[in-house]
**Student:** 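Take this structure, written in structure tokens, and hold onto it; I'll ask about it next.
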Amino acid sequence: MELSEALARTSINRLTEFSCLADVLEPDIIQSCLDSNGVATLRRRKLPMDAMVWAVIGMSLFRNESVRQLINKLDIVLPQEVDYVARSAVTQARKKLGSDVVRDIFHRSAATWHQRAEHPHWCGLNLYGVDGVVWRTPETKENSAAFARTANKASESGYPQVRMVCMMELSSHLLVDSVFDSVAENEMNLAAKLIKSVPDNSLTLFDKGFYSLGLLHDWRAKGVNSHWLLPLKKGTQYEEIRSLGKHDKLVRLSTTPQSRKKRPELPLTIEARLTTRQIKGKQVSILSSMLDPMAYPSAEIVDLYAHSWEIELGYREMKQYMLESRFTLRSNLPELIHQELWGLLLAYNLIRYKMILMAKSLKSVFPNQLSFRDASSHIINQLTNMPLYAPGNVPRFILDIERNAKQFKLEGKRERSYPRCLKVSKNGYPVVKRKNAAHLK
């Protein structure tokens, strides 16, 4: 059941009272980020800034509502004679709030939730994933000036787009950090901005498109025991140093003068580990920074890369289930696009942290083994009905969310029954059908 279906089954007028989520996202975090950015409500207003934070989160949780309808239906309007907020007032309030406040709340809450969660590890390393995604913005004059469009051989086409790169803890799908810019920005340049968030004792899985010795060197040097892993890119030149075992060897990679010019501290060569294995008749080669064969067994290294698909599932959960496959964002201004995206990431983490609590109530179950679609619908449905209950009963219903976790457990992930293949490119010429196609029958 999707979020829209869950909301459609309720019979109340107001969508939800977001204050019931204060057990997850503490009001102190919101107020601290408002104060640090110099954003505060100096007098009693119809749209106080702390309430506008919840409205931005609600934009992603209730995608079927327009922003103005959402504001007027949520329990965030201060009691006044006129219980209605004009569209212009909503826009002005969002502009005053800005995107930096929501960004800081995302970072503060993500750090808090990661500290509280107990993530499983492999050989003492927590698994993380880094990958990119593209978001489509409304076609306005301001968005077109700030965000580029994808281009083909003829010309630019489509909507203005934002390129985002996220870092995710793969067992819980909890986001650690995110950066985004115009779609014209390179993914590796965006990924380099995530280096500051690399945790100690971690293994980050990259796609082969992120192969950059400068990026990988800085990633390894950032923290204590911080490693990386990615598939060997076709055509990569390397020198074998010595064998570490069957289908496992230590190799030397040479950096380019261009990369050393950008990063003067980059050495001439970098040592890496190359592990090879046959999977379904195909040779898979994995490059990693885990050079110690005793600490990190080669038999499991190739299998680890399959977990990189978890971050793609997270992007699908945001686009398909939270935004209900409405791929174009709401906001008409670049600053509000940034605010909306930080609100989306914050709303996603809110649901994912609730799912961590649900998984804790079960034995030997990880959060990524719960159905996001069903669990998110149940969580939002419970939060929607909370205003109907007495305050003393609210803790009981919060606990019921965790007690009902068993029904959201996935039976098991299915393996692909067909190989990946490239789609046929669109033909610019019309296809002429034969008048007589009897010989094809």
Side-chain angles (χ1 to χ4, degrees), residues 20-30 32-33 57 60-61 103-131 166-178 194 196-205 223-227 304 307-315 317-318 321-322 342 344-376 378-380 382-383 395 398-406 408-410:
C20 61
L21 281 174
D23 64 313
V24 179
L25 181 57
E26 292 87 347
D28 291 344
I29 293 180
I30 297 177
S32 175
C33 294
I57 296 173
S60 299
L61 294 179
R103 178 201 62 198
D104 291 349
I105 294 174
F106 167 80
H107 286 139
R108 286 276 303 274
S109 60
T112 300
W113 295 335
H114 274 281
Q115 186 177 5
R116 293 176 182 173
E118 298 177 1
H119 303 306
H121 60 82
W122 174 81
C123 296
L125 304 177
N126 293 117
L127 296 185
Y128 295 86
V130 169
D131 206 350
C166 292
M167 184 176 184
M168 173 188 286
E169 200 285 322
L170 298 180
S171 67
S172 65
H173 285 201
L174 203 60
L175 296 171
V176 178
D177 199 358
S178 177
L194 296 175
K196 65 183 187 304
S197 302
V198 177
D200 296 337
N201 301 312
S202 63
L203 173 59
T204 304
L205 311 183
V224 177
N225 206 26
S226 302
H227 293 282
L304 284 176
H307 295 282
S308 65
W309 188 249
E310 297 292 337
I311 191 170
E312 294 287 353
L313 296 179
Y315 289 144
E317 290 162 354
M318 288 185 236
Y321 300 144
M322 291 183 64
W342 286 120
L344 170 64
L345 300 176
L346 180 55
Y348 179 76
N349 264 7
L350 271 171
I351 295 178
R352 271 295 168 186
Y353 184 67
K354 276 289 186 181
M355 292 178 67
I356 291 176
L357 300 179
M358 294 168 69
K360 281 185 177 180
S361 64
L362 302 174
K363 294 182 179 180
S364 302
V365 174
F366 299 131
N368 63 350
Q369 294 176 313
L370 300 178
S371 170
F372 180 86
R373 177 177 179 175
D374 296 338
S376 61
H378 181 75
I379 290 171
I380 297 300
Q382 290 291 323
L383 296 175
I398 292 177
L399 290 176
D400 283 343
I401 294 177
E402 299 173 23
R403 290 170 183 162
N404 293 330
K406 189 175 182 180
F408 308 127
K409 183 180 177 182
L410 297 171

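The analysis underlying the following values was restricted to heavy atoms, covering all of them including side chains, and did not include hydrogens, waters or symmetry mates.
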**Student:** Using modelled atom types and a 3.5 Å cut-off, is there a donor and acceptor pairing between side-chain atoms of Ser32 and backbone atoms of Asp28?
**Tutor:** no
**Student:** Examine distances only and state if a side-chain atom of Asp200 and a backbone atom of Val224 form a donor-acceptor pair shorter than 3.5 Å.
**Tutor:** yes
**Student:** Does Tyr128 have any ring pair (Phe, Tyr, Trp, His ring centres under 6.0 Å) partners at least two apart in sequence or in another chain, and if so, which?
**Tutor:** none
**Student:** Report the distance from atom OG of Ser202 to atom CD of Glu169, rounding to the nearest 0.5 Å.
**Tutor:** 10.5 Å
**Student:** Any idea which heavy atoms bring Leu346 and Ser109 closest together, and the distance?
**Tutor:** CD1-OG, 3.4 Å
**Student:** Quick one, Ser308 and Asp131 - any side-chain contact, counting heavy atoms below 4.5 Å?
**Tutor:** no
**Student:** Going through the checks in order, is the side chain to side chain contact (heavy atoms under 4.5 Å, CB included) test met by Asn225 and Leu125?
**Tutor:** CA-CA 8 Å; Asn225 206 26; Leu125 304 177; 3.5 Å; yes
**Student:** Taking the side chain as every heavy atom from C-beta outward, state whether Leu350 and Trp113 have any pair of such atoms under 4.5 Å apart.
**Tutor:** yes
**Student:** Write down the atom of Arg108, the atom of Cys33, and the distance for their closest heavy-atom approach.
**Tutor:** CG-SG, 4.0 Å
**Student:** Could you tell me the separation between the OH atom of Tyr353 and the NE2 atom of His114, rounded to the nearest 0.5 Å?
**Tutor:** 11.0 Å
**Student:** Atom SG in Cys166, atom CE in Met318: separation rounded to 0.5 Å?
**Tutor:** 5.5 Å
**Student:** Please report the shortest heavy-atom distance between Ser171 and His119, naming the atom on each side.
**Tutor:** OG-ND1, 4.0 Å
**Student:** Closer than 3.5 angstrom, by distance alone: can the side chain of Ser226 be matched with the main-chain N or O of Pro199 as a donor-acceptor pair?
**Tutor:** yes
**Student:** Tell me, do Met322 and Glu317 make a side-chain contact under 4.5 Å, heavy atoms counted?
**Tutor:** no
**Student:** Would a 4.5 Å heavy-atom cut-off, applied to side chains only, mark Trp342 and Leu345 as touching?
**Tutor:** yes
**Student:** Let me confirm one number: the CG-OG distance from Leu344 to Ser178, rounded to the nearest 0.5 Å.
**Tutor:** 9.5 Å
**Student:** Distance check, rounded to the nearest 0.5 Å: Ile57 atom CD1 versus Ile105 atom CD1?
**Tutor:** 7.0 Å
**Student:** Between Asn126 and Pro120, is there a donor-acceptor pair closer than 3.5 Å when you use the side chain of the first and the backbone of the second?
**Tutor:** yes
**Student:** Mind telling me whether Phe372 and Tyr321 have parallel, tilted or perpendicular rings, with 30° and 60° as the class edges?
**Tutor:** parallel
**Student:** Could you tell me whether the side chain of Leu313 reaches within less than 4.5 Å of the side chain of Glu310, counting heavy atoms only?
**Tutor:** yes
**Student:** Taking C-beta and beyond as the side chain, do Asn201 and His121 meet within less than 4.5 Å on heavy atoms?
**Tutor:** no
**Student:** Are the side chain of Asn349 and the backbone of Ala110 linked by a donor-acceptor contact shorter than 3.5 Å?
**Tutor:** no
**Student:** Enter the distance from Ile311:CD1 to Met167:CE here, rounded to the nearest 0.5 Å.
**Tutor:** 9.5 Å
